[in-house]
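To start, the structure itself, in structure tokens.
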Amino acid sequence: MIFDIKSVFLDTVEQIKIDSLLEELLEFKNDPDPLLRLKGNGKEYSLKSGCKIIGFGKAILGMASYLINRIPQSIRCGVLSIPEGASEAGPSKRIVEACRGVHIKVCEGAKNNMPDENSFEACKTILKCIDQSTEDDLILVLISGGGSALLPHPVPGLSLEEKQDIIGKLSLGGADICELNFVRRQLSLVKGGGLAKYLYPAQVVVLILSDVIGDPLELIASGPTVPMTELKARSVLTKYGLLSDLPVPVQLSLEKKTVDEKHFQNIENILVGNNALVLTRANSLCSKLGCVIVKLSSRISGESSFVGGIFAQIVESIVGGNVNERLDLFKALDYTGNPILLNEAQEAFVKGKPIALLGGGETTVKVKGSGKGGRNQEMVLAFSVIASKFLLDSSLELKFLSCGTDGIDGPTDAAGAVVERGIWERVESMNIDPNTYLSKNDSYSFWNQIGGLVKTGHTGSNLMDLQILFMKRRS
């Protein structure tokens, strides 16, 4: 059976569509008045007076579409903040039109996943929508990855441009998503639980798609509806030498906690989907294709090129039959499973059976060059450089893919990249030096030339990244 690694990724994304996930969590009834029931805890909310819907993130249109289809008569008004260009695809266009039909305003901003004046205005519009809400109001809040950039509102004394400059420097310096969110939360009026102040005293149900390793709700979209319990912005800024870039009054405010606990008493935060779910779906698909599978971890983080190198060394350990001696490689990818499973995969490979190693999470790129690319494209390029001889080995079928489930990898139009022998052979025939592209962080240009880009457009999902490593000894 042919293992089409790109199709496995596309089918995985298809299986994490939002409708089925929400059906498992929500129930709408007329008893006799319309109401929303949470299946997890049985809590019920009246829809007799309708509800408001607000949201921000890369994947919220799918959640909005589900609610519009289920309770169109109950929606009073709403505001959604989505990435610039997210409404251009056919399905998204139709959802945006449906939103307008039920008085939900859709705003686009945060080009290249950075806060801008458009997303700032969207935030102001959201706050205006929920202003003067009472305890009799029901507000549904939709949150997914990208929400931080789509809900910017700097603290007094700090301009959006100044805050954007700080976050940009942190990102370029290699700060991970948790570090970025520590700073974003404390430099914002609405992040780090700040939005709760504006939602209070309404009844609030928050539907969350996680794009953060480990699913800490306080870090997803910088936790606008979750109490801020850790004040780490000062230490993060100090670590990267950026504390002095802030105005002195803002520096002094970093240790202050400004949100009252009572603002959270009517808020129900619900995790709808995460990266572990992505791996489960991919596991099922690979199993149907006859693979012996190892789910490595949904918590893979670190520098992209380093992680790509680890995957390449894993290939070498499996081919060389010394997995037991290189368990450190798997631990580097946060594998905590039974080593017996790794031995079983190695034995299956030796016997000519196909094996698939699955990973997920979110890595970072420390930008050193002026090229174009994303964390997934760079990971696959780093993998390919180190695993080059195995990719070209005619006795081995080797494929590696790393893609973002949102369909957008960095400031590019690709979800990520894929490599296999047929693609990598073009490097020599086209006389291209992959190391040059890697040193310039120019992975997009590299894969664009030799045909390894995976393009999906905005998928409507955003549950971090998926890595698939496929190996099979050729007979």
Side-chain angles (χ1 to χ4, degrees), residues 5-6 9-10 13 58 83-86 88-89 110-114 145-146 149 168 171-177 211 300 302-309 311-312 359-388 391 399-459 461-462 464-469:
I5 194 168
K6 183 177 177 181
F9 168 70
L10 296 176
V13 171
K58 297 177 181 178
E84 181 176 314
E88 293 175 3
K111 185 177 181 181
N112 293 332
N113 202 31
M114 293 295 289
S171 183
L172 290 174
D176 62 31
I177 190 168
D211 72 329
I300 294 175
E303 211 282 318
S304 296
S305 59
F306 173 80
V307 173
F311 271 105
E362 189 166 291
T363 58
T364 58
V365 174
K366 189 167 185 177
V367 179
K368 299 177 181 178
S370 58
K372 181 179 180 180
R375 60 184 181 270
N376 291 290
Q377 297 161 57
E378 179 145 324
M379 184 190 298
V380 180
L381 180 54
F383 167 88
S384 303
V385 168
I386 297 175
S388 180
L391 285 165
K399 302 178 182 182
F400 182 59
L401 172 146
S402 185
C403 288
T405 56
D406 61 352
I408 305 299
D409 186 32
T412 76
D413 61 353
V418 61
V419 67
E420 55 186 58
R421 185 183 179 195
I423 294 173
W424 196 245
E425 284 178 334
R426 298 171 193 153
V427 172
E428 186 173 339
S429 65
M430 296 174 69
N431 195 27
I432 297 174
D433 180 10
N435 284 294
T436 299
Y437 289 85
L438 191 59
S439 66
K440 294 180 179 179
N441 300 115
D442 200 18
S443 54
Y444 180 90
S445 299
F446 177 84
W447 294 117
N448 193 40
Q449 286 187 72
I450 71 168
L453 292 175
V454 177
K455 295 186 178 183
T456 63
H458 288 276
T459 64
S461 299
N462 187 27
M464 294 190 279
D465 303 333
L466 173 64
Q467 287 88 41
I468 305 173
L469 175 62

M379 CE to F311 CZ distance, which is reported to the nearest 0.5 Å: 6.5 Å
Minimum heavy-atom distance between V427 and P434, given as atom pair plus value: CG1-CD, 3.9 Å
R375 and T364, any side-chain heavy atoms less than 4.5 Å apart: no
For the student: nearest non-hydrogen atoms of E303 and K366, plus distance: OE2-N, 3.4 Å
Nearest-0.5 Å distance that lies between atom OG in S304 and atom CG in L381: 11.0 Å
Criterion side-chain contact (heavy atoms from CB on, under 4.5 Å) on Q467 and N376, from CA distance to verdict: CA-CA 9 Å; Q467 287 88 41; N376 291 290; 4.0 Å; yes
Test of ring centre spacing under 6.0 Å for F400 and F383: yes
Whether N441 side chain and K368 backbone form a donor-acceptor pair below 3.5 Å: yes
Within-4.5 Å side-chain heavy-atom neighbours: I432 and Y437: yes
Side-chain heavy-atom pair T456, F9 within 4.5 angstrom cut-off: yes
Donor-acceptor contact present, side-chain S171 to main-chain G168, <3.5 Å: no
Reported NZ-to-CE distance for the pair K111 and M114, which is rounded to 0.5 angstrom: 13.0 Å
S384 side chain reached by F446 side chain, heavy atoms, under 4.5 Å: no
Smallest separation among heavy atoms of I423 and V419, with atom names: CD1-CA, 4.3 Å
Gap between atom CG of D465 and atom CD1 of I300 - 0.5 Å precision: 9.5 Å
Sole residue of T459, N462, D406, T405 in side chain to side chain donor-acceptor pair (under 3.5 Å) with K58: D406
Spacing of L469 atom CG and L401 atom CG [to the nearest 0.5 Å]: 10.5 Å
Shortest non-hydrogen separation from G373 to S443 and the atoms involved: CA-OG, 3.5 Å
Residue among Q377, K455, K372 satisfying side chain to side chain donor-acceptor pair (under 3.5 Å) with T412: Q377
Shortest non-hydrogen separation from H458 to G85 and the atoms involved: CD2-O, 4.1 Å
side-chain contact (heavy atoms from CB on, under 4.5 Å) against T436, all qualifying residues, sequence neighbours excluded: D433, K440
Closest heavy-atom pair and its distance - V13, S461: O-OG, 4.1 Å
Verdict with supporting geometry, L391 and R421, side-chain contact (heavy atoms from CB on, under 4.5 Å): CA-CA 5 Å; L391 285 165; R421 185 183 179 195; 5.6 Å; no
Nearest-0.5 Å distance that lies between atom NZ in K6 and atom CD1 in I468: 12.5 Å
